Amino acid sequence: MTQLRSRIDTSSEIFRRNVEAFEEKRRIISDARAAAIAGGDEKAHRRHAERGKLTARQRVFGLLDAGTPFMELGQLVAHDVYDEPVPSAALITGIGVVGGRPAMVFANDATVKGGTYFPLTVQKHLRAQKVARENGLPCIYLVDSGGIYLPLQEDLFPDEYHLGRMFRNIAEMSALGLPQIAAVMGSCTAGGAYIPAMCDEAVIVRGNGTIFLGGPQLVRAATGEVVDAETLGGADLHTRVTGVADHLAENDEHALALVREIVLRNGPGPVSRPPQTPRPPLYDPAELPGIISASLREHIPAREVLARLLDGSEFAEYRSRFGPTIVCGTGHIGGYPVGVLINDGVLFPESAQKAANFIEICAQRNIPLLFLHNINGFMVGAEYEAAGIAKHGAKLVNAVSCAQVPKFSLVIGGSFGAGNFAMCGRSMGPRLMAMWPSAKSTAVGGEQTATVMALIRSDQLAKEGRVLSPEEEESIKRPIIDTYERQSHPLYYAARMWVDAVVDPTETREWLTLSLAMAADAPERETRFGVFRM
């Protein structure tokens with residue numbers, strides 16, 4: 001192991017400007033987080049409390065073991081996506097410790113549209129189930145939902161990854177031996193009724209919990225029968241007559257206690273201690289905002305970032321003199337071993353070969369992989385095409401795709417085009433993926449795209465004997481640049497569940513430690529690579 005040494009002058013003007021530029025980006029994310037945590041409006045919260053119900057977040061933290069962390073996934077989902085606010089897509093999901101066992105927790109937020117499922121709510125629910133399955137986590141569903149948001153039913157019901165997939169996942173994870181537990185703490189209507197009905201065990205709260213395929217209004221419209229919600233699907237019916245629920249709770253607190261007892265009866269899950277004693281880096285992670293360039297056109301020094309993330313700032317670098325525009329090597333975060341790939345420039349053929357080889361080694365030794373993105377893409381031009389950049393880049397994408405060790409992705413700068421794929425972007429299946437508040441990601445940079453479109457138009461006019469004026473060029477380029485700027489923002493990505501979180505640089509070590517701890521006891525999977533074009 002080599003101890004990384006920082007050369008950053010934290011008293012410099014550049015460092016100060018970087019910090020100031022970062023603060024504005026941090027504020028945008030902070031404001032969005034506050035709105036997500038608040039949930040529904042004051043009226044909805046008051047009505048919720050009048051029914052004697054805890055809020056969704058109170059339920060989550062009342063369930064978790066005291067003093068243990070909660071790793072929330074998708075907190076910013078649906079931010080500014082729909083015509084009206086749907087904070088956190090009306091659903092809280094995340095990983096916490098219940099009865100000494102890591103578990104995936106789902107909690108409908110009934111203060112937001114009655115906890116109904118919007119398209120992004122379903123996507124968020126399915127994403128959390130996928131994370132649970134990959135990491136061998138039991139699932140706990142704290143149900144309080146009016147079912148799907150009917151005006152958007154075509155985006156919720158018919159397709160393979162719509163609402164029905166939630167129930168298929170419950171059945172398949174139960175078959176895999178991953179406990180599926182539900183607590184019905186409010187409404188549980190229509191297709192949503194299958195959540196408790198399909199779980200291994202279910203709790204229902206007297207007076208507030210109801211389960212029915214068709215609510216009183218639907219029953220009246222379909223059959224003419226007039227029946228109240230409690231008679232139709234209340235706690236007494238389902239614990240005494242139907243057996244749809246197994247345990248009767250007197251209130252929310254009692255329901256949470258019963259769920260904890262169920263988890264404990266299933267036995268404690270494996271919680272491995274880190275192989276090494278965690279050590280802080282030699283350099284303060286709070287310095288990271290000053291290291292991140294105010295403009296992504298400027299270089300972010302890879303080793304300076306690693307010196308503030310790795311335990312003891314220690315790093316065993318792989319092929320340091322070959323393919324230097326990608327830095328690869330092993331170290332520890334929170335005591336857990338990790339293989340790191342971080343960009344230090346554009347990807348050349350030798351960079352891609354080096355990274356692919358490093359991934360092979362980590363897969364063979366069962367070392368988790370961390371990809372830190374700051375990449376414009378692969379080098380282009382006649383010289384590099386002749387050198388086989390497409391072939392060498394494909395080797396890297398092959399290695400990233402097929403490596404079955406836990407993979408985690410964090411965009412710290414830019415992540416553009418094929419560089420995103422090579423660095424294990426969302427489509428490559430990382431266990432978890434996040435962005436820093438200052439990061440950006442699009443298929444191609446906005447200015448490059450705008451310039452290409454302007455050149456195409458210029459060539460078209462040239463065939464007609466005309467010249468593209470500066471005003472016409474600006475009218476083509478400006479809307480493209482503005483659109484790409486908006487769509488590249490981490491808040492835009494997080495709102496659409498394209499990343500699981502926006503993580504502050506100062507909190508990154510904690511996020512990565514929890515990620516590695518979660519994966520430490522996950523089922524191991526054998527890696528088999530596809531054919532590499534040599």
Side-chain angles (χ1 to χ4, degrees), residues 130-131 133-135 302 316-320 322-330 337-381 383-434 441-444 498-500 515-516 519 522-534:
K130 182 176 187 289
V131 173
R133 186 189 299 224
E134 286 181 334
N135 293 285
E317 190 165 351
Y318 173 74
R319 290 191 188 176
S320 61
F322 181 77
T325 57
I326 189 164
V327 176
C328 305
T330 53
V338 64
V340 181
L341 299 93
I342 179 171
N343 303 113
D344 207 26
V346 70
L347 285 168
F348 289 90
E350 58 271 25
S351 315
Q353 292 179 73
K354 166 181 161 179
N357 288 156
F358 179 69
I359 291 169
E360 285 185 290
I361 290 170
C362 288
Q364 188 177 67
R365 298 174 185 172
N366 200 33
I367 300 172
L369 290 165
L370 169 62
F371 297 83
L372 299 172
H373 303 220
N374 183 31
I375 180 66
N376 287 326
F378 289 91
M379 191 63 190
V380 297
E383 175 186 351
Y384 302 101
E385 295 295 348
I389 185 69
K391 178 177 69 175
H392 297 304
K395 290 177 191 172
L396 176 52
V397 174
N398 188 330
V400 169
S401 302
C402 294
Q404 293 300 303
V405 294
K407 295 174 288 191
F408 302 96
S409 235
L410 177 64
V411 184
I412 66 170
S415 184
F416 299 104
N420 176 271
F421 306 148
M423 289 299 291
C424 199
R426 189 64 140 190
S427 57
M428 297 295 111
R431 295 281 175 99
L432 292 173
M433 183 170 181
S441 184
T442 51
V444 182
W498 297 340
V499 293
D500 299 297
S515 299
L516 292 165
E524 291 186 15
R525 296 184 291 188
E526 180 187 3
T527 294
R528 295 186 63 185
F529 292 107
V531 174
F532 289 98
R533 298 183 65 84
M534 305 304 289

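Since the model is a prediction, treat every value here as computed from it, not as a measurement.
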Task: Minimum heavy-atom distance A422-F371, with the two atoms named - done: O-CE2, 4.2 Å

Task: Qualifying residues under salt bridge (Lys or Arg N to Asp or Glu O under 4.0 Å), relative to R319, sequence neighbours excluded - done: none

- [ ] Would you name the heavy atoms of P368 and P337 that are closest together and state the gap between them?
- [x] CD-O, 3.6 Å

TODO: Could you list the residues that satisfy side chain to side chain donor-acceptor pair (under 3.5 Å) with N420, not counting sequence neighbours?
DONE: S415

TODO: Just jot down the side chain to side chain contact (heavy atoms under 4.5 Å, CB included) partners of V346, sequence neighbours excluded, or say none.
DONE: F348, M379

Task: Counterpart residues, side chain to side chain donor-acceptor pair (under 3.5 Å), relative to Q353 (two or more places apart) - done: none

With a cut-off of 3.5 Å and sequence neighbours excluded, list every side-chain donor-acceptor pair involving residues 360-367.
residue, atom, partner, partner atom, Å
E360, OE1, N357, ND2, 3.2
N366, ND2, E524, OE2, 3.2

- [ ] Sequence neighbours left out, what pairs pass salt bridge (charged side-chain N to carboxylate O under 4.0 Å, His left out) with at least one residue falling in residues 344-353?
- [x] R303-D344

Task: side chain to side chain contact (heavy atoms under 4.5 Å, CB included) evaluation trace for T330 with F358 - done: CA-CA 10 Å; T330 53; F358 179 69; 4.1 Å; yes

Task: Sequence-distant partners of A352, side chain to side chain contact (heavy atoms under 4.5 Å, CB included), two or more places apart - done: F378, H392, L396

Task: Side-chain heavy atoms of I359 within contact of L341, under 4.5 Å - done: yes

Donor-acceptor list for residues 401-414 side chains, cut-off 3.5 Å, not counting sequence neighbours:
residue, atom, partner, partner atom, Å
S401, OG, V397, O, 2.7
Q404, OE1, R525, NE, 3.4
Q404, NE2, C402, O, 3.1
K407, NZ, V400, O, 2.7
K407, NZ, A403, O, 3.2
S409, OG, H373, NE2, 2.7
S409, OG, M423, O, 3.2
S409, OG, C424, O, 2.5

- [ ] Identify the heavy atoms of A519 and N135 that sit nearest to each other, and give their distance.
- [x] CA-OD1, 3.6 Å

Task: Exam field: side chain K395 to backbone A356, donor-acceptor pair closer than 3.5 Å - done: no

TODO: Just jot down the side chain to side chain donor-acceptor pair (under 3.5 Å) partners of N398, sequence neighbours excluded, or say none.
DONE: none

Open item on the list: Walk me through whether I342 and N374 qualify under side chain to side chain contact (heavy atoms under 4.5 Å, CB included).
Closed with: CA-CA 7 Å; I342 179 171; N374 183 31; over 6 Å; no

Task: P430 to G425 - nearest heavy-atom pair and separation - done: CD-O, 3.3 Å

Task: L432 to S515 - nearest heavy-atom pair and separation - done: CD1-OG, 3.6 Å

Open item on the list: Can you give me the closest heavy-atom contact between R431 and V131, atom names plus distance?
Closed with: O-CG2, 3.9 Å

Task: Separation of K354 NZ from Y318 OH (nearest 0.5 Å) - done: 8.5 Å

Open item on the list: Once salt bridge (Lys or Arg N to Asp or Glu O under 4.0 Å) is applied, do any residues pair with K130, and if so which ones, sequence neighbours excluded?
Closed with: E134

Open item on the list: Enumerate the salt bridge (charged side-chain N to carboxylate O under 4.0 Å, His left out) contacts for residues 418-428, please, sequence neighbours excluded, ordered by first and then second residue.
Closed with: R426-D500

Task: Any residue meeting side chain to side chain donor-acceptor pair (under 3.5 Å) with S351, in chain and number order, not counting sequence neighbours - done: T325

